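Here's the structure, in structure tokens; my notes come after.
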Amino acid sequence: MIPLRRLATLTLLATAAAAMSAAFVSTARAEELVLYGAGSLRAAMTAIASDYAKATGNSVRTAFGPSGLMRDRIEAGEAVDLFTSADMGHALTLRKDGRAAAAVMFTRNRLCAFAKPDARLEPASFAERLLDPSVRIGTSTPKADPGGDYTWEMFKRIGRHHPGAFATLDAKARKIVGGSTAADPSDPDPIASAFARGDITVMIAYCSGAEQRRQATPDLQVVPVPPPYATGPEYGLAITSLQKPAAIGLMLAILSPEGQATLARFGFDPIGQPSGEEH
């Protein structure tokens with residue numbers, strides 16, 4: 001007997017194949033697709049959407065922001081074809097509520113600490129340095145942004161190794177981005193501004209943003225969260241209809257080796273790239 005989860009995957013693939021076959025035999029007609037995505041995906045998804053548009057003639061209109069807030073917009077009635085979230089939870093919720101036809105994981109990320117030199121942050125003393133009163137921590141906003149949720153899970157894991165640490169980290173963390181009121185909306189880079197003002201000496205964020213963070217604040221050290229405390233961001237894609245071949249085509253472009261290579265180029269951990277070995 002095929003497990004229900006496996007059956008759902010097979011059904012999705014069969015439906016996708018049928019829809020793509022229908023697309024090839026139908027009269028070619030350009031469509032406009034709408035893709036909403038997590039803010040951390042802005043550069044990668046813009047590149048993938050651009051490549052897809054050039055290859056197919058279908059334009060892709062995009063919007064990016066904290067995943068929780070983008071899901072709120074969909075639930076409020078904004079029409080989208082694909083939603084690429086920084087976690088599986090938001091994509092699965094849309095499917096459960098009937099707002100999406102299917103949801104799949106399409107890439108992974110990692111958490112890093114971006115630290116000023118005076119924070120003296122090192123993997124061997126990672127937790128101890130974060131707990132030091134002189135270290136000022138910036139984060140994203142839980143619930144509104146999965147980056148905040150992953151960070152608070154990291155705080156909990158630190159607390160399991162250091163009793164009382166969770167309460168300390170929860171109290172001292174400053175929510176810089178990710179929420180509707182977390183930062184000045186006119187500020188193009190609130191994290192860089194927070195570092196410049198001295199509000200924070202460490203920012204917990206996705207490792208995929210390392211290049212942007214170094215460009216904005218050149219003296220930052222990048223320290224991946226050590227394994228005992230690491231949480232694995234898993235990004236989920238929700239497609240609202242399996243009856244729109246162009247949308248299925250964009251989904252497959254994201255999952256394709258080429259799309260996965262683009263995600264890797266922007267610092268993500270692909271889940272669907274060939275090994276490179278000849279078979």
Side-chain angles (χ1 to χ4, degrees), residues 9 12-13 15-67 70 73-74 78-88 90-91 94 100-110 146 206-212 215 233-279:
T9 300
L12 171 60
L13 292 174
T15 305
M20 291 306 294
S21 295
F24 286 122
V25 300
S26 64
T27 302
R29 179 173 60 87
E31 297 185 58
E32 181 185 69
L33 300 174
V34 178
L35 181 149
Y36 280 8
S40 57
L41 288 165
R42 182 186 300 273
M45 280 299 145
T46 297
I48 292 174
S50 176
D51 289 342
Y52 177 74
K54 291 176 183 176
T56 65
N58 298 310
S59 62
V60 183
R61 179 162 55 87
T62 59
F64 299 95
S67 294
M70 300 307 286
R73 290 172 58 175
I74 295 171
E78 296 187 21
V80 303
D81 296 296
L82 271 72
F83 172 50
T84 52
S85 173
D87 73 339
M88 281 298 297
H90 291 307
L94 291 176
V104 296
M105 186 172 73
F106 68 96
T107 196
R108 289 188 172 94
N109 210 334
R110 289 164 290 150
Y206 295 126
C207 297
S208 61
E211 183 177 352
Q212 178 188 0
Q215 288 179 352
E234 297 178 340
Y235 281 49
L237 180 155
I239 182 169
T240 56
S241 173
L242 295 176
Q243 306 303 316
K244 193 171 184 178
I248 294 175
L250 178 55
M251 177 183 71
L252 294 178
I254 294 168
L255 295 170
S256 72
E258 294 78 11
Q260 294 287 296
T262 298
L263 286 161
R265 181 159 53 90
F266 284 95
F268 294 88
D269 295 334
I271 62 169
Q273 266 191 303
S275 64
E277 299 178 358
E278 293 184 4
H279 298 282

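Quantities reported herein were computed from a predicted structural model and do not represent experimental measurements.
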### Task
List in chain and number order the residues that pass side-chain hydrogen bond (donor to acceptor under 3.5 Å, both in side chains) with Thr56, two or more places apart in sequence or in another chain; answer none if no residue qualifies.
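With sequence neighbours excluded, Thr56 shows a side-chain hydrogen bond (donor to acceptor under 3.5 Å, both in side chains) to Asn58, given in chain and number order.
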### Task
May I ask you to check whether over 12 heavy atoms, not counting those of Glu78, lie within 6.0 Å of atom CD?
yes
#### Entry: Of Val60, Val34, Leu237, Thr240, the residue whose pairing with Leu82 passes side-chain contact (heavy atoms from CB on, under 4.5 Å)
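Option passing the side-chain contact (heavy atoms from CB on, under 4.5 Å) with Leu82: Leu237.
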State, to 0.1 Å, how close [X] and [Y] come at their nearest heavy-atom pair, and which atoms those are.
X: Ala43; Y: Phe266; answer: CB-CE2, 3.5 Å
X: Lys244; Y: Glu32; answer: NZ-O, 3.9 Å
X: Tyr206; Y: Pro146; answer: OH-C, 3.6 Å
X: Phe268; Y: Ala44; answer: CE1-CB, 4.1 Å
X: Ser40; Y: Tyr235; answer: OG-OH, 2.8 Å
X: Phe83; Y: Ser67; answer: CZ-O, 3.5 Å

### Task
Output every pair passing side chain to side chain donor-acceptor pair (under 3.5 Å) with a member in residues 249-265, not counting sequence neighbours, ordered by first then second residue.
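Listed once each, the pairs are Ser256-Glu258.
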Hey, could you give me the [atom1]/[atom2] distance between [X] and [Y], rounded to the nearest 0.5 Å?
X: Leu242; Y: Ile248; atom1: CG; atom2: CD1; value: 5.0 Å
X: Thr84; Y: Leu35; atom1: OG1; atom2: CG; value: 4.5 Å
X: Glu31; Y: Leu250; atom1: CD; atom2: CG; value: 11.5 Å
X: Asp81; Y: Ser241; atom1: CG; atom2: OG; value: 8.0 Å
X: Met70; Y: His90; atom1: CE; atom2: NE2; value: 11.5 Å
X: Glu234; Y: Ser85; atom1: CD; atom2: OG; value: 11.5 Å

### Query
Heavy-atom distance under 4.5 Å between the side chains of Thr62 and Arg42, does that happen here?
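Side-chain contact under 4.5 Å: no.
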### Query
Below 4.5 Å, heavy atoms only, C-beta onward: do Ile254 and Met251 meet side chain to side chain?
no
### Donor-acceptor contact below 3.5 Å, side chain Thr107 vs main chain Asp269
yes
### Query
Do any N or O atoms from the side chain of Tyr52 and from the backbone of Ala246 form a donor-acceptor pair under 3.5 angstrom?
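Flag set: sc Tyr52 to bb Ala246 pair under 3.5 Å.
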